[in-house]
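FYI, the numbering just counts along the sequence from 1. Only a predicted model underlies this, so the values are computations on that prediction, with no experimental measurement involved.
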Amino acid sequence: MKLDKCTATIVSWMKKCGYINLDDLVCERLINDFSDNKVIRSLDWLAKNQLIQERHERPDCEPYILVPGGVEYSSDEWCLSELGKMLR
């Protein structure tokens, strides 16, 4: 499976760090290289395909939410699922 650069970067950081706070990841690493739209698309794709999961696996937890004037990224800890760990 071929990942776009943004998605591959997210996967790489999750592999390196294990559990990661998405808000910190976006603010510290991704925001300079990728637009919010690219980050949202990547997180959306990873979540819909069950390739990432929230640490406590709460079913109602989302990696981001759209708010007036922008987006808020999850401050919960996320990691790759077992399926996600197979991504290269």
Let me check something: any side-chain donor-acceptor pairs from residues 59-66 under 3.5 Å, sequence neighbours excluded? List them with distances.
none

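Between the side chain of Thr7 and the backbone N or O of Leu3 there is no donor-acceptor pair closer than 3.5 Å.
Applying the side chain to side chain donor-acceptor pair (under 3.5 Å) test to Thr9 and every residue at least two apart in sequence or in another chain returns nothing. In this view, Arg55 and Glu77 satisfy the salt bridge (Lys or Arg N to Asp or Glu O under 4.0 Å) rule, not counting sequence neighbours. Take Lys5 and apply the salt bridge (Lys or Arg N to Asp or Glu O under 4.0 Å) test, not counting sequence neighbours, and it matches no residue. With sequence neighbours left out, Asp36 forms a side chain to side chain contact (heavy atoms under 4.5 Å, CB included) with Ile31, Val71, Tyr73. In terms of the side chain to side chain donor-acceptor pair (under 3.5 Å) criterion, Asp33 has no residue partners (sequence neighbours excluded). With sequence neighbours left out, Asn49 forms a side chain to side chain donor-acceptor pair (under 3.5 Å) with no residue at all. Residues meeting the side chain to side chain contact (heavy atoms under 4.5 Å, CB included) test with Ser12, sequence neighbours left out: none. Taking Asp44 as the reference, Lys48 meet the salt bridge (Lys or Arg N to Asp or Glu O under 4.0 Å) condition, with sequence neighbours excluded.
A distance of 11.5 Å separates CD1 of Ile20 from OG of Ser74, quoted to the nearest 0.5 Å. Rounding to the nearest 0.5 Å places CG of Leu22 at 5.5 Å from CG of Leu43. In this structure, the separation between CZ on Arg41 and SG on Cys6 is 8.5 Å, given to the nearest 0.5 Å.
Smallest separation of non-hydrogen atoms from Leu83 and Gln50: CB-O, 4.4 Å. Nearest heavy-atom pair, Lys85 versus Glu82, reported as atom, atom and distance to 0.1 Å: NZ-OE2, 3.2 Å.
Transitive grouping of hydrophobic side chains (ILVMFWY, heavy atoms separated by less than 4.5 Å) brings Met14 and Met86 into a common cluster.
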Practice item. Carefully, step by step, assess Ile52 and Ser81 under the rule side chain to side chain contact (heavy atoms under 4.5 Å, CB included). Key: CA-CA 5 Å; Ile52 59 173; Ser81 66; over 6 Å; no
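For residues 13-27, no pair satisfies side chain to side chain donor-acceptor pair (under 3.5 Å), with sequence neighbours left out.
The 12-atom threshold is exceeded at CD of Glu28, counting heavy atoms of other residues, nucleotides or ligands nearer than 6.0 Å.
In this structure the side chain of Leu51 never reaches within 4.5 angstrom of the side chain of Val11, judged on heavy atoms.
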